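The structure displayed is predicted, hence computed values, not measured ones. Scope of the values below: all heavy atoms of this structure, side chains included, with no hydrogens, waters or symmetry mates.
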Amino acid sequence: MTEPAPKILCAGIAAQDIVMRVERFPAPGTKVPATDYIITGGGCAANAALAVARLGGRAAFAGPFGAAADAASNRIAADLAAEGVDCSGVVRPDGASVSVSLILIDAEGEKAIATRRGAKLDGVTPKDAVGLLADADALLADNRFPLFVTPLAQAARAHGIPVVIDFDLITTPDDALLKLGNHVVASSEALRATTGCDDLGEGLKQVAAHAPGFVAVTDGPNGVVWLEDGALRDMPAFAVNVVDSLAAGDVFHAGFTLALAEGRDFENALRFASAAAALKCTHFGGADGAPRRAEVEAFLKKQVGS
């Protein structure tokens, strides 16, 4: 009998992204034509859940959504369900709304973002942290809603379930949530702003002084840097034609967490995650451009010996 694919519970933020591709960003008071347009789901954890599902894992999402009348939340929920993501961990407070972002992607794949922040979400907590983790093989939690994800991380650690923290929001090196992660993977922007160190290696060492697990940082086209036995190691990013980098970090976290749950070692998990993120960058549409498992495996096969 074939073993079921690992189940990853992705917890944290969901949002709606309105994405347009332009040749160049408009100067103040000017207009530019858009060549592509999509309304898609956004937010670290929701994007990661979609990516996990496409990469062959069983995906669940838990986090605060807008109220039942919030159209953006309803669309996000429908899109995740269509990808096979279990959204039973969603909490929808009365009067709440999710964040909505307008995103322009230029010809180089760079982005400019304007966001209308969600309302009445910050104090939301999960209804049944232990129940949500009952059949999970790993928890992937972003740090956008710490009050929501901390009980889940605590329950996961208590039950021996690996915890990966998507360190995406500026915090402090001694943040209690980071200490709960078996693996903490930061964005370069969040790590630099949190530690005040432009040098990513020094920033990682600051975090590692408080977070006892594996710590790493993604730096877009510059690849990923991590600490191993106190020494810095790095892995270059795969060279691809970048069309849209939006959600690449979320796809990386999804690929890394799924690969660990499948039993891969750190370095092979990072390589799988890097390939998934690189392929996402070749597709327009934010998280909607997340690759399928077969595409990632074919891409990695071509890299052998390169």
Side-chain angles (χ1 to χ4, degrees), residues 2-3 5-6 8 10 21 44 47-59 83 105 107-111 137-138 140 162 164 166-168 182-189 191 200-201 204 214-229 231-306:
T2 303
E3 288 291 322
I8 312 300
C10 302
R21 182 156 60 183
C44 306
N47 286 348
L50 181 151
V52 166
R54 291 194 179 179
L55 292 171
R58 292 181 294 139
E83 295 282 350
I105 309 291
E108 304 301 318
E110 290 297 327
K111 52 190 177 286
D137 295 288
L140 168 57
V164 178
D166 178 353
F167 175 6
D168 184 65
N182 301 93
H183 311 85
V184 176
V185 183
S187 68
S188 57
E189 296 87 352
L191 184 65
L200 294 178
L204 281 180
F214 172 85
V215 292
V217 56
T218 58
D219 192 23
N222 298 316
V224 59
V225 179
W226 70 97
L227 279 173
E228 187 172 316
D229 297 326
L232 288 171
R233 296 193 58 188
D234 67 275
M235 180 181 293
F238 291 104
V240 294
N241 178 32
V242 176
V243 172
D244 171 9
S245 62
L246 182 65
D250 306 328
V251 172
F252 182 97
H253 284 86
F256 178 69
T257 306
L258 179 60
L260 288 177
E262 291 174 345
R264 302 191 193 208
D265 60 33
F266 293 151
E267 193 161 352
N268 282 319
L270 290 170
R271 183 174 170 80
F272 180 80
S274 296
L279 286 170
K280 191 262 93 60
C281 290
T282 66
H283 300 296
F284 171 76
D288 194 60
R292 304 280 177 182
R293 179 67 171 244
E295 186 181 1
V296 177
E297 290 180 343
F299 178 83
L300 283 170
K301 189 174 181 179
K302 290 179 181 178
Q303 309 307 311
V304 175
S306 63

Is there a side-chain contact between [X] and [Y] in this structure, where contact means two heavy atoms from C-beta onward sitting under 4.5 Å apart?
| X | Y | result |
| --- | --- | --- |
| L270 | R233 | no |
| C10 | V52 | yes |
| F272 | R264 | yes |

Salt bridge (charged side-chain N to carboxylate O under 4.0 Å, His left out): which pairs involve residues 236-254, sequence neighbours left out?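 Matches after skipping sequence neighbours: D244-K280.
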Residues two or more places apart in sequence or in another chain: which of them pass side-chain hydrogen bond (donor to acceptor under 3.5 Å, both in side chains) with [X]?
| X | answer |
| --- | --- |
| E189 | none |
| N241 | none |
| D219 | S188, N222 |

Check V217, V225, T218, V215 against L191 for a side-chain contact (heavy atoms from CB on, under 4.5 Å) and give me the one that passes.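 Single pass found, and it is V217.
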When rounded to the nearest 0.5 angstrom, what distance separates [atom1] in [X] from [atom2] in [Y]?
| X | Y | atom1 | atom2 | result |
| --- | --- | --- | --- | --- |
| R271 | D265 | CZ | CG | 12.0 Å |
| L140 | H253 | CG | NE2 | 7.0 Å |
| T257 | L55 | OG1 | CG | 10.5 Å |

Sequence neighbours excluded, every pair satisfying ring pair (Phe, Tyr, Trp, His ring centres under 6.0 Å) that has a member inside residues 278-301: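 Output for this query lists F238-F299.
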Applying side chain to side chain contact (heavy atoms under 4.5 Å, CB included), can you list everything that pairs with A290, at least two apart in sequence or on another chain?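 Only L50, A51, R54, V251 meet the side chain to side chain contact (heavy atoms under 4.5 Å, CB included) criterion with A290.
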